[in-house]
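A quick write-up on the structure given underneath.
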Amino acid sequence: MSRYWSRIVHELTPYVPGEQPRIDNLVKLNTNENPYGPSPRAVEAMKAALGDELRLYPDPDATELRKTIAGYYRLEPEQVFVGNGSDEVLAHTFQALLKHDRPLLFPDITYSFYPVYCGLYEIEYQQIPLGEDFSINVDDYPLENGGIIFPNPNAPTGKLLAIAEIRRLLESNTDSVVVVDEAYIDFGGRSAVGLIGDYPNLLVTQTVSKSRSLAGIRVGYAMGHPELIEALVRVKDSFNSYPLDRVALAGAKAAFEDVDYFRETCDRVIASRELLASELESLDFRVIPSAANFIFAAPLRMSAARLAEVLRERGIIVRYFNKPGIDEFLRITTGTEAQNQALLQELRELLL
Ligand SMILES: Cc1ncc(COP(=O)(O)O)c(C=O)c1O
């Protein structure tokens, strides 16, 4: 605390990211990174970007990358916005499209950055309880709102909402923006991008951090009606004209172009997630069916908090949220087959 701080800084409760410890041989299953490296073509493109041209500012409009993403999703470049990680894209979205007189709505169990942005931008919000089985019920979302946001699949539950339900929500909610945060969509869900032509109030956000294994370069994007995109550009150009550097622009573009590598690694993650889920069930975990690259599971033989602690002592870190409603669960990122086996080996020793 300091008397030099502005009022808003005194009142902030910042987001706490999953830890990135520097410990050798750690099995790191706590921040939903991809266990496989990025596309070799993306790495080559980034290396090629390391030269004399770095003395020049990057393209403020990220034209080439936006064209590439638009081409991938059969959209126009005017329907695509890019930013420094989807966290930044989301931050701009909260300020540009979700700050109104009526409260913003999001699930009570969801990405914990949402209330943080509300604090930063002084947005009133209301949290809508998930169902008993952690599902989002679109009928629970009242019409009086200044916007709706949820991840699909949801985080940290991994639970998917069907496209038909998203369409139903959009049909009944035409007066405010509905944001679908698809950080994990490539691991088993169908994107809502296909609905953009039908609903001018739909914004879909995605990231290269997870399915394209490029968390280290911080590239996220939003897709929607050009008027929604224009709002984001206006905020961006009032904040930082060059959120993506030359290396990140080159790497993200090449990653989008390497479709085979993307599909192959996503398939591998999905296959190991399914295997891990069934092994956890056989160790008496309550496993929530996941469409993401992580599993949300409650151990029935030991408290989740204790288990996270003991695993940590054994060099394996998973995410534990000390929050009512989910404090009996662990969120476990799907690792390589070898990492998953290492986890299961420890769990067998601890729980059987
Ligand atoms: C639901 C959700 N949305 C957005 C993000 C942010 O991703 P990034 O800023 O790496 O693009 C995350 C990161 O974990 C997430 O879980």
Side-chain angles (χ1 to χ4, degrees), residues 14-20 28-35 38 42 62 65 69 80-94 98 104 106-118 120 127 130 134 136 148-161 166 178-189 191-192 203-223 232 236 240 243-245 248-249 251-252 255-256 269 273 288 290-296 317-321 323 326 329-334:
Y15 177 74
V16 182
E19 55 177 332
Q20 299 285 356
K28 190 173 175 304
L29 305 175
N30 67 328
T31 46
N32 298 343
E33 286 134 333
N34 196 312
L65 177 58
I69 296 172
V80 181
F81 174 83
V82 295
N84 194 253
S86 58
D87 280 340
E88 186 186 81
V89 174
L90 288 168
H92 291 342
T93 302
F94 273 67
L98 303 177
L104 171 66
F106 49 83
D108 61 342
I109 297 168
T110 196
Y111 187 30
S112 41
F113 225 134
Y114 299 161
V116 175
Y117 295 132
C118 289
L120 179 60
Q127 292 177 290
L130 292 180
F134 292 107
I136 292 174
I148 297 174
I149 183 166
F150 57 89
N152 197 39
N154 196 7
T157 64
K159 193 138 184 167
L160 188 72
L161 184 65
I166 296 176
V178 175
V179 181
V180 185
D181 173 353
E182 294 189 340
Y184 302 102
I185 196 69
D186 296 318
F187 299 110
S191 173
L203 190 81
V204 177
T205 62
Q206 293 189 357
T207 176
V208 303
S209 298
K210 316 292 179 180
S211 55
R212 289 184 176 79
S213 196
L214 284 169
I217 64 169
R218 313 301 299 124
V219 177
Y221 45 104
M223 296 166 286
L232 298 177
K236 172 212 138 210
N240 176 7
L244 293 189
D245 61 66
L249 288 170
F256 260 93
V269 169
R273 176 193 71 213
I288 307 303
S290 170
N293 66 341
F294 55 84
I295 295 172
F296 198 54
I317 48 174
V318 297
R319 191 91 192 250
Y320 171 70
F321 299 90
K323 253 183 82 176
I326 55 170
F329 282 80
L330 296 175
R331 192 197 68 190
I332 305 170
T333 304
T334 309

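Only heavy atoms go into these numbers, but all of them, side chains included; no hydrogens, no water, no symmetry mates. Note that ligands are numbered from 1 as they come in the structure, with each ligand's atoms numbered from 1 the same way.
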Atom 5 (C) of ligand 1 [closest protein heavy-atom partner, distance rounded to 0.1 Å]: Y111 OH, 3.5 Å
Nearest 0.5 Å, please: how far is CG in N84 from CD1 in I217? 10.0 Å
Are Y184 and F294, when compared by the centres of their aromatic rings, separated by less than 6.0 Å? yes
Taking heavy atoms and a distance under 4.0 Å, where does D87 meet ligand 1: side chain, backbone, both or neither? both
Looking only at heavy atoms, is any part of F113 under 4.0 Å from ligand 1, and if so is it the side chain, the backbone, or both, or is it neither? neither
Among all protein non-hydrogen atoms, which one is nearest to atom 1 (C) of ligand 1, and what is the separation to 0.1 Å? D181 OD2, 3.4 Å
I'd like to check which ligand 1 atoms, numbered from 1 as shown, lie under 4.0 Å from a non-hydrogen atom of K210. 13 (C), 14 (O)
Within ligand 1, which atoms have a heavy atom of Y184 less than 4.0 Å away? 1 (C), 13 (C), 14 (O), 15 (C), 16 (O)
Before we go on, tell me: are the rings of F296 and F321 under 6.0 Å apart, centre to centre? no
Does the side chain of T31 come under 3.5 Å of the side chain of K28 through a donor N or O and an acceptor N or O? yes
Provide the number and element of each atom of ligand 1 under 4.0 Å from a heavy atom of G85. 9 (O), 11 (O)
Honestly, for R218 the part within reach of ligand 1 (heavy atoms, under 4.0 Å) is side chain
With atoms numbered from 1 as shown, which atoms in ligand 1 lie under 4.0 angstrom from a non-hydrogen atom of S209? 8 (P), 10 (O), 11 (O)
Using 30° and 60° as the class limits, which term best fits the ring planes of F94 and Y117: parallel, tilted or perpendicular? tilted
So which heavy atom on Q127 is nearest to which on P107, and how close? NE2-O, 4.1 Å
I would like to know whether L98 and T93 meet side chain to side chain contact (heavy atoms under 4.5 Å, CB included); could you show each step before the answer? CA-CA 7 Å; L98 303 177; T93 302; 4.1 Å; yes
Do D181 and Y114 have a side chain donor and acceptor closer than 3.5 Å? yes
Side-chain donor or acceptor of E182 paired with backbone N/O of V204 under 3.5 Å: no
May I ask you to check if ligand 1 and Y114 share an N or O to N or O distance below 3.5 Å? no
Quick note on ligand 1: atoms under 4.0 Å from a heavy atom of T207 include exactly 8 (P), 10 (O), 11 (O)
Counting heavy atoms under 4.0 Å, the part of A183 that contacts ligand 1 is side chain
Nearest non-hydrogen protein atom, atom 7 (O) of ligand 1: S86 OG, 3.1 Å
